[in-house]
Amino acid sequence: MSEIDKPNDEARGKDFIREIIDADLQSGRVSEVVTRFPPEPNGYLHIGHAKSICLNFAIAQEYSGRCHLRFDDTNPAKEEQEFIAAIQDDVRWLGFDWGQHLYHASDYFEQLYDWAEHLIKEGKAYVDDLSADEIRAHRGTLTEPGKDSPHRNRGADESLDLLRRMRQGEFEEGARVLRAKIDMTSGNINLRDPVLYRILKAEHPRTGNAWCIYPTYDFAHGQSDAIEGITHSLCTLEFADHRPLYDWFIESLPVPATPHQYEFSRLNLTHTVLSKRRLIQLVAEGHISGWDDPRMPTIAGLRRRGYPAAAIRDFAGRVGITKSDNVIEMALLEHCVREELNQSAPRRMGVLKPLKIVIENYPEDQEEMLEAVNNPGDETAGTRQVPFARELYIEQDDFMEDPPKKFFRMAPGREVRLRYAYFVTCREAVKNDAGEVVELICTYDPETRGGNAPDGRKVKATMHWVSARHAIDAELRLYNHLFTDEEPDIGDDIAAALNPDSLEILQGCKLEPSLASAKADQTLQLERQGYFCPDRDTSPERLIFNRAVPLRDSWAKLKAKTA
RNA sequence: UGGGGCGUAGCCAAGUGGUAAGGCAUCGGGUUUUGAUCCCGUGAUCGCAGGUUCGAACCCUGCCGCCCCAGCCA
């Protein structure tokens with residue numbers, strides 16, 4: 001984790017998990033702190049996972065402990081190597097290092113199996129021949145107790161024999177399962193003889209065909225924690241009901257440690273979805289270009305869009321760790337992105353929707369280089385040279401033929417400043433047959449080179465520009481919320497909930513020449529517009545930039561209010 | 001109607017009996033060669049109702065509301 005990230009402490013009260021850890025350390029329940037991030041490799045990581053990753057790794061760092069990365073790979077029917085690799089990439093990109101502590105639940109299959117036999121021998125588990133439907137029927141409902149399976153009381157020897165034959169592959173998928181023998185009448189449905197092992201004749205990404213029975217999450221998770229010496233097993237609220245089961249296994253088995261599980265509420269974000277099911281659906285149905293589409297709330301998507309890892313870490317630290325349901329506004333994430341980028345992003349000039357202007361009193365064959373600072377807030381960022389010439393492009397939005405009172409930018413007869421260049425005055429707006437302004441005839445004041453008038457006169461606007469002759473063409477992709485509503489109510493038709501304007505592609509944008517060599521891992525600011533970074537698909541022949549987030553725009557707000 | 005969790009400003013969130021931190025958003029104002037940044041200022045009696053107490057968001061009781069659980073998913 002980066003040293004610049006401040007730990008969650010003093011100013012803000014500690015969250016309840018850190019308070020528990022403090023107490024555990026003080027009482028001597030634990031002498032070190034070991035956490036883990038346990039993704040299932042069945043999809044890409046998203047911003048909600050980032051909250052958990054940051055929590056687990058930050059805690060490990062704050063308490064001088066360690067955090068393991070462990071793949072919860074107990075269901076080969078859904079898991080893939082592609083995801084295992086992508087997840088490691090994402091965690092690393094976020095800035096975390098698990099050192100030597102990379103594990104897989106599948107590393108423990110043999111041990112878990114031994115413990116399954118142990119439970120049978122203790123009379124705490126049995127092989128059930130009921131079908132999935134029958135088991136469901138016996139489970140009861142939320143308000144009615146379940147009924148015992150007819151096989152619940154068969155002998156340990158018989159169950160043992162059956163389990164071994166399950167492992168040998170003698171039975172078909174679904175024919176039998178191993179179940180814990182707990183309490184079919186429990187109010188907690190997780191305790192109504194949960195399934196421990198099921199037959200799955202699928203090839204596992206890591207163990208290949210070595211197994212045809214696989215442990216369930218419940219039977220694998222806590223024991224894996226115990227094997228690794230995890231002291232605080234942090235998970236989301238929906239697992240709270242599983243804790244009694246988690247503890248039951250730890251107490252019933254000769255495990256080497258007694259980890260404890262604590263639950264916190266998961267992250268929800270406005271204008272998007274964070275359920276794995278919905279994200280998979282977006283990818284599978286092709287509503288977006290893939291897991292790393294810049295509109296996706298996935299780590300890969302945010303990264304491609306140009307969000308810095310530091311901004312995501314900052315965000316994770318700001319949302320808070322509690323047990324209450326929450327929906328964080330996307331504006332907070334965007335604020336974190338702007339705050340980080342405002343400090344780190346080099347400034348450049350680029351025109352999204354070009355309007356040509358001709359400086360009629362600037363010699364046709366003349367051109368010059370002007371000095372521009374790279375970051376007004378950071379002297380060490382230095383300066384660069386920007387070419388200026390007779391024909392330039394400015395932003396269409398920066399000119400109005402008949403401006404309202406509060407519009408300070410270019411208008412007929414008005415003088416404004418071209419940033420780092422000169423004061424220019426618009427003399428005439430040239431129109432096409434349709435009556436649209438296609439070009440502006442201007443004059444400049446040679447005395448104002450650099451942007452200041454010797455006579456001290458002021459202008460109300462400073463605009464960005466780019467030399468027509470020197471500009472490079474680029475495609476800019478502007479992104480907006482993926483879903484129209486803050487909290488999308490998605491029924492059968494996910495397409496109907498999508499924001500039709502989530503992607504706007506601008507062709508023929510004009511950028512200052514230095515941008516030809518922009519690097520993908522460096523998000524920069526196009527002054528007065530927003531933060532952009534080269535897309536993965538960019539090439540020297542076809543420059544493509546993604547807009548991470550626009551700059552705040554109080555003019556747009558004013559305009560919208562008066563409209 | 002079973003079990004678990006939650007309810008402090010628009011959104012998060014501190015607060016753990018002594019009279020409501022902070023952030024984001026919003027709206028005002030100042031500075032400014034990015035209408036950006038930066039800087040000021042702006043809002044709540046704590047789900048409701050009783051009770052205990054000199055005093056309660058914090059303790060007790062009763063309501064109300066929201067979320068999760070009936071995968072051989074995690």
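Numbers restart at 1 for each chain; the letters A, B, ... are given by sequence-line order, proteins then strands. None of the values given here were measured: they were computed from a predicted structure.
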State, without any angle test, whether A:E486 and A:H271 hold a side-chain donor-acceptor pair at a distance under 3.5 Å. no

Report yes if at least one side-chain N or O of A:T462 is closer than 4.0 Å to OP1 or OP2 of B:U34; otherwise report no. no

Ignoring hydrogens and angles, answer whether the base of B:G5 and the side-chain atoms of A:E263 contain a donor-acceptor pair closer than 3.5 Å. no

If you only use heavy atoms from C-beta on, which nucleotide in B:C72, B:A13, B:A25 is closest to the side chain of A:N326? B:A13

Is there a donor and acceptor pair closer than 3.5 Å between the side chain of A:Q529 and the base of B:U34? no

Report the secondary structure of RNA chain B in dot-bracket form, marking unpaired bases with a dot and bases paired to a different strand with |, and treating Watson-Crick or G-U pairs with both distances under 3.5 Å as paired. .(((((((.[[[..)..(...]]]..((((.......)))).....[[[[[..)....]]]]])))))).....

Heavy atoms of other groups near A:K353 NZ, more than 12 under 6.0 Å: no

Give the nucleotide from the list B:U34, B:A13, B:G5 with an atom nearest to the side chain of A:K323. B:G5

A:H335 side-chain N/O to B:C24 phosphate OP1/OP2 under 4.0 Å: yes

Compare the minimum distances between each of B:C6, B:C73, B:C24 and the side chain of A:R318, then state the nucleotide with the smallest one. B:C24

The side chain of A:N342 lies closest to which of these nucleotides: B:A74, B:U37, B:U34? B:U37

Considering the options A:R165, A:K201, A:R164, A:R176, which one meets the salt bridge (Lys or Arg N to Asp or Glu O under 4.0 Å) requirement together with A:E170? A:R165

Sugar-phosphate only, base, or nothing, as touched by A:D128 at under 4.0 Å among non-hydrogen atoms: nothing

Determine the Euclidean distance between corresponding P atoms of B:C27 and B:U37; express it in Å to zero decimal places. 13 Å

Could you check which of B:C11, B:U34, B:G15 has an atom nearest any side-chain atom of A:E329? B:C11

Could you walk me through whether A:R348 and A:S514 pass the side chain to side chain donor-acceptor pair (under 3.5 Å) test, one step at a time? CA-CA 8 Å; A:R348 292 294 182 268; A:S514 71; 3.2 Å; yes

Determine, for nucleotides 63-70 of chain B in 5'-to-3' order, which nucleotides have protein heavy atoms under 4.0 Å from the base (write B), from only the sugar-phosphate (write S), or from neither (write -). ----SBBB

For A:K561, answer base if it contacts any base atom (sugar-phosphate contacts may also be present), sugar-phosphate if it contacts only those atoms, and nothing otherwise; contact means non-hydrogen atoms under 4.0 Å. sugar-phosphate

Using heavy-atom distances to pick each residue's nearest nucleotide on RNA chain B, tell me which of A:S265 and A:A240 is more 5'. A:A240

What interatomic distance, in whole Å, is found between P of B:A21 and the corresponding atom of B:G43? 12 Å

Any side-chain N or O of A:R552 less than 4.0 Å from the OP1 or OP2 oxygen of B:C24? no

